[in-house]
Amino acid sequence: MIEICFVCTGNTCRSIMAERIAKKLAREKGLKDIKFSSAGIYATGENITQNTSKVLKSLGYDGRNRKSVKLSKTKPKVIYVAVTEDHKRFINSKRTISFDQLFGKVGDPYGQDEQVYLQTAKAIEQNVLLLLEKIQNLRGEL
């Protein structure tokens with residue numbers, strides 16, 4: 001079992017989008033032995049934003065509400081996918097990569113309009129697709 005945790009600042013937009021997108025795309029690709037979660041460095045138990053929920057639903061992903069989860073400490077067997085290089089430095093684990101290392105930067109949509117959230121979700125989708133492709137390729141080489 002592979003465990004992957006997406007990490008951003010508040011776990012109300014980007015990391016929860018990544019978690020929900022990854023769950024569906026992995027299922028569609030038949031990758032059943034990967035567990036996805038998400039957390040925020042400064043999460044305080046807030047609900048995901050309304051625009052996060054709307055955009056996820058509009059793209060066919062799970063848009064249900066959920067309280068944000070704080071990243072309290074890292075676990076040695078979990079792979080952390082940080083949304084930014086700053087998040088990666090904060091996590092400070094050898095088992096951490098960032099979106100910057102995958103497909104590219106993902107800006108923070110917090111407090112902006114629905115269109116920005118949609119652009120953010122699509123950028124996250126590209127990062128998640130590349131991550132899943134890398135996992136599939138690594139397995140093919142084993």
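Along the sequence shown, residues carry numbers from 1.
Expressed to the nearest 0.5 Å, how far CD of Q115 lies from CG of N51 amounts to 10.5 Å. Taking NZ from K23 and CD1 from I4, the interatomic distance works out to 12.0 Å, rounded to the nearest 0.5 Å. The structure places NZ of K77 at 8.5 Å from CZ of R95, a figure rounded to the nearest 0.5 Å. Between atom CD of residue E3 and atom CG of residue D33 there is a gap of 11.5 Å, rounded to the nearest 0.5 Å. Summarising the geometry, atom CD1 belonging to I41 is positioned 8.5 Å from atom CG belonging to D86; distances are rounded to the nearest 0.5 Å. To the nearest 0.5 Å, atoms OG (S15) and CZ (F36) are separated by 14.0 Å.
Here the closest heavy-atom approach between residue A121 and residue I21 is recorded as O-CD1, 3.8 Å. Nearest heavy-atom pair across K70 and Y42 is NZ-CA, 4.3 Å. For the pair G10 and A43, the tightest heavy-atom approach, listed with the atom from each and the gap, is O-CB, 3.5 Å. Of all heavy-atom pairs spanning A82 and T96, the tightest one is CB-CG2, 4.2 Å. A pairwise comparison of heavy atoms in V128 and A22 identifies CG1-CA, 3.6 Å as the closest pair.
Taking 4.5 Å as the limit, some side-chain heavy atom of K29 sits within range of a side-chain heavy atom of L129. Side-chain contact between K88 and F99 is absent, with no heavy atoms from C-beta onward closer than 4.5 Å. Put simply, the side chain of C13 does not reach to within 4.5 Å of the side chain of Q112, judged on heavy atoms. Considering only heavy atoms from C-beta on, I2 stays 4.5 Å or farther from L31 through its side chain. Taking 4.5 Å as the limit, every side-chain heavy atom of T9 sits out of range of all side-chain heavy atoms of Y110. Two residues are said to be in side-chain contact when any heavy atoms from C-beta on lie closer than 4.5 Å; S53 and K57 meet this criterion. Counting heavy atoms from C-beta outward, L130 and N127 have side chains that stay 4.5 Å or more apart. Residues H87 and C8 have side chains in contact (heavy-atom distance under 4.5 Å, counting atoms from C-beta outward).
When hydrophobic clusters are built by joining Ile, Leu, Val, Met, Phe, Trp and Tyr residues whose side-chain heavy atoms come closer than 4.5 Å, directly or via intermediates, I124 is not grouped with V69. No path of Ile, Leu, Val, Met, Phe, Trp and Tyr side chains, each step under 4.5 Å between heavy atoms, connects L102 with I91, placing them in separate hydrophobic clusters. With hydrophobic clusters built from ILVMFWY side chains whose heavy atoms lie under 4.5 angstrom apart, V106 shares a cluster with F6. Residues L25 and V81 are members of one and the same hydrophobic cluster, defined by side-chain heavy-atom contacts under 4.5 angstrom among Ile, Leu, Val, Met, Phe, Trp and Tyr. V116 and L56 are not part of a single hydrophobic cluster, where members link through side-chain heavy atoms under 4.5 Å apart.
Both the sub-6.0 Å distance and the 45° axial angle are satisfied by K24 relative to the ring of Y61.
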- [ ] Test F90 against V7 for side chain to side chain contact (heavy atoms under 4.5 Å, CB included), laying out the working first.
- [x] CA-CA 10 Å; F90 184 90; V7 180; over 6 Å; no
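With K67 as the fixed residue, the side chain to side chain donor-acceptor pair (under 3.5 Å) test singles out one of T12, T44, N47: N47. Of the options R14, K35, R66, a salt bridge (charged side-chain N to carboxylate O under 4.0 Å, His left out) to E19 is made by R66 and by none of the others.
Counted within 6.0 Å of CD on E114, heavy atoms from surrounding residues, nucleotides or ligands total more than 12; the atom is thus considered enclosed. The environment of NZ in K122 is sparse: at most 12 heavy-atom neighbours from other residues, nucleotides or ligands sit within 6.0 Å.
Under a 3.5 Å cut-off, the side chain of R20 and the backbone N or O of R64 do form a donor-acceptor pair. A donor-acceptor pair under 3.5 Å is absent between the side-chain atoms of Q126 and the main chain of A123, judged by distance alone.
For the residue pair S68 and E46, no side-chain donor N or O sits within less than 3.5 Å of a side-chain acceptor on the partner.
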